[in-house]
Amino acid sequence: MKDPQAAKTVWGGMIAAGIVMPLFALSLAAIWLFDRFVVQKIPSIRRFLAA
């Protein structure tokens, strides 16, 4: 995001939602880990997902 205030708002909303809904936090963590350790390491998946 180019607007720092919007980025802070989005992060704050995700953190608040993660506290209120722990399964939401778990799914965010799973998606982040998948992106970090699988998508970024395999070029064909990265191209497919346009990451």
Side-chain angles (χ1 to χ4, degrees):
M1 285 186 184
K2 294 184 180 194
D3 182 15
Q5 184 60 36
K8 288 179 185 179
T9 302
V10 169
W11 274 105
M14 288 189 333
I15 291 169
I19 291 170
V20 174
M21 300 176 286
L23 287 178
F24 176 73
L26 185 64
S27 67
L28 282 179
I31 291 168
W32 179 77
L33 288 170
F34 177 76
D35 182 60
R36 176 90 173 142
F37 295 110
V38 176
V39 173
Q40 298 302 320
K41 304 288 185 207
I42 303 172
S44 60
I45 294 175
R46 187 172 55 229
R47 277 192 308 272
F48 178 75
L49 296 174

For a quick test of your reading: what N or O donor-acceptor pairs under 3.5 Å do the side chains of residues 21-31 make, sequence neighbours left out?
| residue | atom | partner | partner atom | Å |
| --- | --- | --- | --- | --- |
| Ser27 | OG | Leu23 | O | 3.4 |
| Ser27 | OG | Phe24 | O | 2.8 |

Please list every donor-acceptor pair under 3.5 Å in which a side-chain atom of residues 9-20 meets a protein atom from a residue at least two apart or in another chain.
| residue | atom | partner | partner atom | Å |
| --- | --- | --- | --- | --- |
| Thr9 | OG1 | Gln5 | O | 2.9 |

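Pairing each heavy atom of Lys41 with each of Arg36, the nearest pair is CE-O, 4.5 Å.
In the hydrophobic clustering of ILVMFWY residues, with side-chain heavy atoms under 4.5 Å counting as a link, Ile42 and Phe48 come out together.
Within the model, atoms CG of Asp35 and CZ of Arg46 stand 10.5 Å from one another, a figure rounded to the nearest 0.5 Å.
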